[in-house]
Amino acid sequence: MYIIKTTDGFRLAAVASPEAVAEIRPPVLEENGREFRLYPERCGDMEAHYSGFGYAASYTAADLGSGLFSVERTITNTDAVSHTFKTVFEVKTRFVPDKYLIPCVNYNGNQWGEGKEPKGLYHENGEAWVYAYDRTGIPSCSVCENAAVALSLFASSRDADSLRSSCSIIRGENGTLCQRIHHPVTEAPFTYCENDKYTDRYDETITLQPGERFCVELYVLASVPRYKNYGIADTLDRVLELMPFTKSASLPPEEIWRCGIEYARTLISTAPDGKKLSSIGITADPSSGVLVHRPEFEIGWCGQNILSCRMQILDYIQSGRRELLDDALEMIDNWVVKQADNGLILAHYEWYTKGRDWNYVPRDPSKSWASHVAYKTGWLPETCNLGWAAAEMMKTYDLLHSIGIDKPAYRDFSLKICDFFVEHYSPVYGFGKSWNFDGTVAEEDGSIGGFITMALIEVYKITREPRYLQTAAASMDLYFKRDIDEFVCTAGAIDCTCVDKETAGPFIISALDLYEITGEKRYIDYALRASYYFCSWLFHYDVLYGPEAEFTQYGYYTTGSTAVSTQHPALDQWGELMCPEFLRLYRITGDEKWRIRAKMMWYNATQLIATEDSPPIHGVKRPVGSQNEAFYQCRWGHRADCNERGHLNDWLVAWVNLFRLTVLDRLKTVLGDGNFDALR
């Protein structure tokens with residue numbers, strides 16, 4: 001069977017032609033570690049039959065339109081004895097791909113970064129990497145593409161047999177690639193089981209008695225990439241048809257706001273110097289299991305101290321509770337005095353030892369960025385936290401000004417950061433990754449500077465100073481040409497150094513803002529590209545678990561969650577922050593799919609938020625409004641046995657709650673949706 005490119009789309013044909021872009025090859029079976037291919041018997045345009053080695057197989061295809069085909073494949077044991085085996089469905093490109101993608105897992109080889117996650121198509125021992133379906137946001141999905149054609153292969157969620165699968169890509173001859181779906185689940189040659197760690201491969205098999213059949217469904221999609229390197233865009237659109245979203249929110253927006261403010265209040269703590277600040281989160285003490293505040297205080301990223309203060313000020317405006325305003329101003333003031341004269345500031349308050357001095361230990365080049373931060377030996381100012389700090393401080397200044405409270409120091413705080421990066425912007429590396437306090441760049445790499453772009457636009461909205469907008473626009477062009485257009489974002493998840501998801505967030509926000517400010521339609525394309533990249537990390541289906549899994553016990557589902565990065569393939573709620581942005585895209589484009597995606601991410605993020613009535617988790621009653629950060633959906637996570645799939649952690653971090661609160665605020669202030677109708 002061949003996929004033929006015609007003048008009006010793609011079709012399946014029994015005979016190859018010069019226009020054939022791919023070949024659906026005869027089935028591969030594996031017994032006792034040995035692969036063999038069945039022999040063709042007869043083949044039509046929409047069906048094919050094969051046999052050999054005691055098996056019969058059939059492929060029956062259905063044309064779903066615009067290059068999408070469902071394929072039902074059946075393997076029958078025709079022998080007189082039982083067989084235990086694996087089966088592989090394979091599509092071989094007849095074009096030479098420029099790029100390949102396994103969403104959430106492998107972005108054209110994962111060549112960027114210092115992590116030890118799987119890289120390339122093959123392990124160094126020569127065996128191809130095989131990944132279980134529960135690592136990919138579209139089950140067992142792979143995409144190979146060049147500028148003219150993209151070929152996607154992925155499993156169906158029709159039933160458990162279809163879904164429980166794995167994927168791989170192997171090299172063909174003359175630069176072609178073979179995309180494979182394995183049934184049942186296999187992970188080989190090793191399982192990536194924890195951060196930079198591996199364990200033995202994982203294998204499941206099928207056993208058929210004489211005459212028994214094994215039947216599954218899968219999908220093949222041939223398309224023309226709408227943007228270069230964006231072959232998965234059509235797949236992301238079509239999968240919404242194939243795996244429709246049918247969930248509902250776990251809590252209403254009003255209750256999420258109430259619980260969220262309470263948790264923000266719960267995190268108020270005392271820094272080592274006795275100052276009032278917001279803890280980065282609450283976690284279980286490893287010796288006792290008791291939940292305790294972590295003695296860390298972060299201005300942006302995970303801790304989001306300034307965002308927390310702004311949310312509490314908003315609640316003060318609504319409720320009149322004076323303590324909310326007083327605490328917020330006190331905590332912000334404690335951060336403002338730490339800023340260096342040139343605008344730079346450390347991400348963590350506890351890294352300061354006396355006044356504005358800090359505990360700086362030069363980075364060990366043999367250690368990754370993540371390792372250096374994890375040991376808390378001190379670090380340099382980095383653009384993720386600086387961008388969040390400048391953006392949120394300016395928003396807070398403007399909010400206070402609107403109620404008659406003038407805090408020029410907050411405005412100056414943001415301006416100092418933005419002025420520093422206007423002055424130090426590089427047409428080669430943008431805003432860099434980290435900086436020395438003497439104003440020299442320490443690390444240039446990464447897309448992480450996009451958070452500064454976001455801050456510059458927020459400052460421009462209030463000051464209307466052209467230099468902020470001009471620098472933001474220049475940086476957008478640079479980062480898009482260098483990174484987004486290549487379908488890669490890096491270094492925004494600052495506890496790892498790899499290809500990641502969250503770095504795309506500020507580009508989506510900034511592109512939509514630039515469109516609204518300038519009216520230039522190219523920024524709509526920017527927003528769409530960054531959003532499609534972001535959605536390559538979005539889970540579109542529910543992974544399957546047994547009754548022993550914590551996901552089953554606590555009622556957690558995976559649809560609408562987002563994978564963190566190639567190095568940290570757990571799930572989180574970061575997608576919630578993009579809900580207003582996808583709704584903005586929906587309003588601008590009229591494309592209903594963006595509204596569906598916003599609801600997918602929002603509903604997912606409302607799961608397991610602690611309320612007064614919530615049962616204990618891991619034997620401990622959680623504070624109202626708290627929610628754990630990581631959901632370990634695959635054979636990766638912090639467990640003695642990585643096969644304990646579907647478990648939760650006890651890291652009740654600040655950002656997951658504060659992002660939800662800022663989403664609700666943005667629905668009112670940006671979209672004018674005071675009743676939250678878009679998310680109901």
Side-chain angles (χ1 to χ4, degrees), residues 247-267 278 300 302-321 324-325 328 388 391-392 394-396 398-400 402-403 454 458 502 505-506 508-509 512-513 560-562 572-587 594-612 614 623-627 629 652-680:
K247 310 292 185 182
S248 57
S250 300
L251 288 175
E254 299 83 358
E255 182 70 355
I256 290 172
W257 181 271
R258 181 190 69 83
C259 293
I261 292 297
E262 183 165 340
Y263 191 57
R265 302 291 294 164
T266 299
L267 289 180
S278 179
C302 284
Q304 291 291 349
N305 266 213
I306 310 305
L307 173 56
S308 178
C309 291
R310 185 166 68 86
M311 294 299 102
Q312 292 180 65
I313 294 169
L314 280 168
D315 199 73
Y316 156 73
I317 294 171
Q318 298 171 24
S319 68
R321 293 165 55 198
L324 288 153
L325 175 64
W388 274 115
E392 284 303 321
M394 186 58 80
K395 288 180 181 180
T396 303
D398 192 49
L399 177 63
L400 290 168
S402 72
I403 59 172
M454 179 181 72
E458 289 298 333
E502 62 199 65
I508 298 170
I509 296 169
L512 291 169
D513 283 351
S561 60
T562 47
D572 67 11
Q573 312 90 316
W574 215 94
E576 64 190 0
L577 187 65
M578 293 298 102
C579 292
E581 315 318 316
F582 283 10
L583 291 172
R584 290 165 80 190
L585 264 180
Y586 163 61
R587 287 189 175 186
W594 295 110
R595 189 182 71 85
I596 294 171
R597 290 170 177 131
K599 291 179 69 172
M600 287 171 64
M601 296 186 297
W602 179 255
Y603 289 4
N604 178 276
T606 66
Q607 298 179 91
L608 302 185
I609 299 172
T611 68
E612 289 84 354
S614 297
V624 170
S626 65
Q627 183 192 44
E629 177 188 47
L652 312 180
V653 69
W655 72 262
V656 299
N657 169 54
L658 295 169
F659 279 11
R660 279 192 295 273
L661 295 180
T662 198
V663 166
L664 296 177
D665 174 53
R666 284 179 69 78
L667 283 174
K668 291 180 179 180
T669 58
V670 176
L671 296 176
D673 186 3
N675 295 320
F676 312 117
D677 291 333
L679 292 180
R680 294 189 191 274

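Along the sequence shown, residues are numbered consecutively beginning with 1.
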inquiry  = If you apply the rule side-chain hydrogen bond (donor to acceptor under 3.5 Å, both in side chains), what do you find for Q312 with S308, and how did you get there?
reply    = CA-CA 6 Å; Q312 292 180 65; S308 178; 3.1 Å; yes
ask   = Side-chain contact, heavy-atom cut-off 4.5 Å: L307 with K395?
value = no
Test of ring centre spacing under 6.0 Å for W388 and F659 = yes
task = Indicate the atoms forming the closest heavy-atom contact of L671 with P580, along with that distance.
result = CD1-O, 3.9 Å
inquiry  = Could you tell me if the side chain of I596 sits less than 4.5 Å from the side chain of K599, heavy atoms only?
reply    = no
request  = Using only heavy-atom distances, determine whether the side chains of W257 and D315 contain a donor-acceptor pair under 3.5 Å.
outcome  = yes
inquiry  = Please report the interatomic distance CG(L399) to CG(D665), rounded to the nearest 0.5 Å.
reply    = 8.0 Å
query = Are W574 and E502 close enough that some pair of their side-chain heavy atoms sits under 4.5 Å apart?
reply = yes
inquiry  = If you take the centroid of each ring, where Trp contributes its six-membered ring, are Y586 and W594 closer together than 6.0 Å?
reply    = no
Closest contact, heavy atoms only, P253 versus F676 = CB-CD1, 3.4 Å
ask   = Would a 4.5 Å heavy-atom cut-off, applied to side chains only, mark C302 and E629 as touching?
value = yes
query = Which pair of heavy atoms, one from S278 and one from N305, lies closest together, and at what distance?
reply = O-ND2, 2.9 Å
task = Would you mind reporting whether I509 and M578 have side-chain heavy atoms less than 4.5 Å apart?
result = yes
ask   = Taking C-beta and beyond as the side chain, do L583 and L679 meet within less than 4.5 Å on heavy atoms?
value = yes
request  = Kindly determine whether R680 and E254 satisfy salt bridge (Lys or Arg N to Asp or Glu O under 4.0 Å), including the steps that lead there.
outcome  = CA-CA 12 Å; R680 294 189 191 274; E254 299 83 358; 2.8 Å; yes
key: salt_bridge(E576, R597) N-O dist < 4.0 Å   = no
task = Please report the closest heavy-atom contact between P623 and T266, naming both atoms and the distance.
result = CB-CG2, 4.2 Å
message = Is there a side-chain contact between L652 and Y263 in this structure, where contact means two heavy atoms from C-beta onward sitting under 4.5 Å apart?
response = yes
query = Do D572 and T562 have a side chain donor and acceptor closer than 3.5 Å?
reply = yes
query = Should the pair E262-R265 be classified as a salt bridge under the 4.0 Å nitrogen-to-oxygen rule?
reply = no
query = Closest approach of L658 and G303, non-hydrogen atoms and distance?
reply = CD1-O, 4.0 Å
request  = Could you tell me whether a side-chain N or O of T396 sits under 3.5 Å from a main-chain N or O of E392, the two making a donor and an acceptor?
outcome  = yes
inquiry  = We want to know whether R660 and Q627 form a side-chain donor-acceptor pair, criterion being a heavy-atom distance below 3.5 angstrom.
reply    = yes
Any side-chain heavy-atom pair of R595 and M600 under 4.5 Å = no
